[in-house]
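The residues of the chain are indexed from 1 along the displayed sequence.
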Amino acid sequence: MTNPPETQPASIPRIGVLAIQGDYDAHAEALREAGAEPILVRKPEELAGIDGLIIPGGESTTFLKFLERGGFLDSLRDFVRRKPTFGTCAGCILLATEVTHPPQASLGVLDATVERNAYGRQIDSSIQTSDTELPGGPLEMVYIRAPRIVKTGEGVQVLAHRDGFPVLVEQGHIMAATFHPELSSDRRVHERFVELVRDWLRRQPRSGKS
């Protein structure tokens, strides 16, 4: 699928997609179109060879149950503290410092409070178009049983809103969306994350990526 990491050009980051739930193949295709090399990650040891990670949608409690096996959750917690990570929908829930409706454990790296299933059930899924801080005008956003970011800390940059609530945010090397950018043909959100990973790589010592 890809070149070995030692021959990979520095300008093409290797970005993993947690391939446990959600449409990880769509995320991989979006990353490829955005200029990255996608790597499907199913084992904790596969985190070691990537420069960034996407945690896709799915069911967040099921995610946690799977990740608790074999030390995967501890490996993932260490990764997201150090390397660029983008969480979409359930991935956004897992990154938050506080989860409500009902409360649950999380990775705790995004200074935000996230309410689960805030926009209703599966039948309440919708496609919205909203203004965004990203260049290029309004952005199409696909919502499926979406969570709501109800509060953010001072260090969180809000890139887009829905009904007055943040739906696309950044905080340092962390990025999160309550919608599914992989289900749209608009690649600006993935391009933003790929550039975030490139910026992180440029700041790393020449001796390695750590």
Side-chain angles (χ1 to χ4, degrees), residues 15-36 38-42 52-64 66-67 76 80 84-96 99 101 104 106-107 110 112 114-134 136-150 152 156 158-171 174-197:
I15 299 179
V17 182
L18 194 59
I20 297 172
Q21 286 191 61
D23 201 342
Y24 44 82
D25 285 328
H27 272 295
E29 181 60 26
L31 284 171
R32 192 176 294 109
E33 292 179 8
I39 307 292
L40 297 183
V41 174
R42 294 186 173 94
L53 179 70
I54 290 179
I55 304 176
E59 212 292 314
S60 57
T61 55
T62 305
F63 257 127
L64 285 171
F66 184 93
L67 292 169
L76 183 60
V80 302
T85 305
F86 178 28
T88 64
C89 200
C92 173
I93 296 170
L94 291 176
L95 292 178
V99 180
H101 196 234
Q104 72 173 42
S106 65
L107 298 169
L110 174 66
V114 176
E115 179 185 352
R116 299 171 58 197
N117 300 325
Y119 290 105
R121 298 174 295 169
Q122 193 85 9
I123 60 171
D124 299 309
S125 301
S126 64
I127 299 176
Q128 307 280 331
T129 301
S130 300
D131 291 332
T132 172
E133 296 298 316
L134 302 180
L139 180 70
E140 181 183 77
M141 303 174 183
V142 180
Y143 293 91
I144 302 173
R145 295 184 63 198
R148 177 186 287 131
I149 299 173
V150 296
T152 59
V156 178
V158 179
L159 301 177
H161 294 84
R162 175 184 175 182
D163 301 329
F165 292 96
V167 295
L168 180 64
V169 298
E170 281 184 8
Q171 181 186 356
I174 300 296
M175 186 171 170
T178 62
F179 57 96
H180 290 265
E182 77 280 8
L183 299 182
S184 171
S185 60
D186 191 327
R187 297 307 187 209
R188 282 180 289 162
V189 175
H190 286 83
E191 288 167 358
R192 177 83 171 202
F193 182 60
V194 170
E195 189 54 39
L196 188 154
V197 175

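The distance from the CG atom of Leu40 to the CD1 atom of Ile54 is 11.0 Å, given to the nearest 0.5 Å. Put simply, CZ on Phe193 and CD1 on Ile174 are 8.0 Å apart, with the number rounded to the nearest 0.5 Å. Rounded to the nearest 0.5 Å, atoms OG (Ser184) and CD1 (Ile127) are 8.5 Å apart. The distance from the CG atom of Leu196 to the CD atom of Glu170 is 5.5 Å, given to the nearest 0.5 Å. Atoms OG1 and CE, from Thr88 and Met175 in turn, are 10.0 Å apart once rounded to the nearest 0.5 Å.
Using cut-offs of 30° and 60° on the angle between ring planes, the pair His190 and His27 is tilted.
For the pair Phe86/Val197, no side-chain contact is recorded, criterion being any heavy-atom separation below 4.5 Å from C-beta on. Using a 4.5 Å cut-off on side-chain heavy atoms (C-beta onward), Arg162 and Met141 make no contact. In this structure the side chain of Phe165 never reaches within 4.5 angstrom of the side chain of Glu115, judged on heavy atoms. Side-chain atoms of Glu191 and Leu134, non-hydrogen and from C-beta on, never get closer than 4.5 Å to each other. Here the side chains of Cys92 and Ile149 are in contact, with some heavy-atom distance below 4.5 Å. Between Gln128 and Phe179, every side-chain heavy-atom pair lies at or beyond the 4.5 Å cut-off. The side-chain heavy atoms of Leu76 and Thr85, taken from C-beta on, include no pair separated by under 4.5 Å. Residues Arg148 and His101 fail the side-chain proximity criterion, which asks for heavy atoms closer than 4.5 Å.
Looking at every heavy atom in both residues, Leu18 comes nearest to Leu53 through N-CD1, 3.8 Å. Taking all atoms of both residues into account, the shortest heavy-atom contact from Glu182 to Asp23 is CG-O, 4.1 Å. In this structure, Leu110 and Ala176 approach most closely via the heavy-atom pair CD2-CB, 3.8 Å. Minimum interatomic distance between Ser60 and Arg116 (heavy atoms only, all atoms of both residues): OG-NE, 3.6 Å. Annotation for Ala28 and Pro38: closest pair O-CG, 3.4 Å, computed over non-hydrogen atoms. Heavy atoms only, all atoms of each residue included: Thr178 and Pro147 are closest at CB-O, 3.4 Å.
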Worksheet item: Please walk me through it: do His161 and Asp131 pass side chain to side chain contact (heavy atoms under 4.5 Å, CB included)?
Response: CA-CA 8 Å; His161 294 84; Asp131 291 332; over 6 Å; no
Practice prompt. Could you walk me through whether Arg32 and Glu29 pass salt bridge (Lys or Arg N to Asp or Glu O under 4.0 Å), step by step?
Written response: CA-CA 5 Å; Arg32 192 176 294 109; Glu29 181 60 26; 2.7 Å; yes
Practice prompt. Check the pair Phe63, Ile93 against side chain to side chain contact (heavy atoms under 4.5 Å, CB included), reporting the backbone distance first and the verdict last.
Written response: CA-CA 11 Å; Phe63 257 127; Ile93 296 170; over 6 Å; no
Item to complete: Report the C-alpha separation of Ile144 and Leu183 in whole Å, then their side-chain angles, then the decisive distance to 0.1 Å, and conclude whether the side chain to side chain contact (heavy atoms under 4.5 Å, CB included) test is met.
Response: CA-CA 10 Å; Ile144 302 173; Leu183 299 182; 3.7 Å; yes
Worksheet item: So Ile20 and Thr62, side chain to side chain contact (heavy atoms under 4.5 Å, CB included) or not? Walk me through it.
Response: CA-CA 10 Å; Ile20 297 172; Thr62 305; over 6 Å; no
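Side-chain N or O atoms of Ser106 include one that pairs as donor or acceptor with a backbone N or O of Ala96 at under 3.5 Å. The backbone N or O of Leu159 lies less than 3.5 Å from a partner atom in the side chain of Thr132, making a donor-acceptor pair. Side chain of Arg145 to main chain of Glu59: no donor-acceptor pair is present (N/O by atom type, distance under 3.5 Å, no hydrogens or angles).
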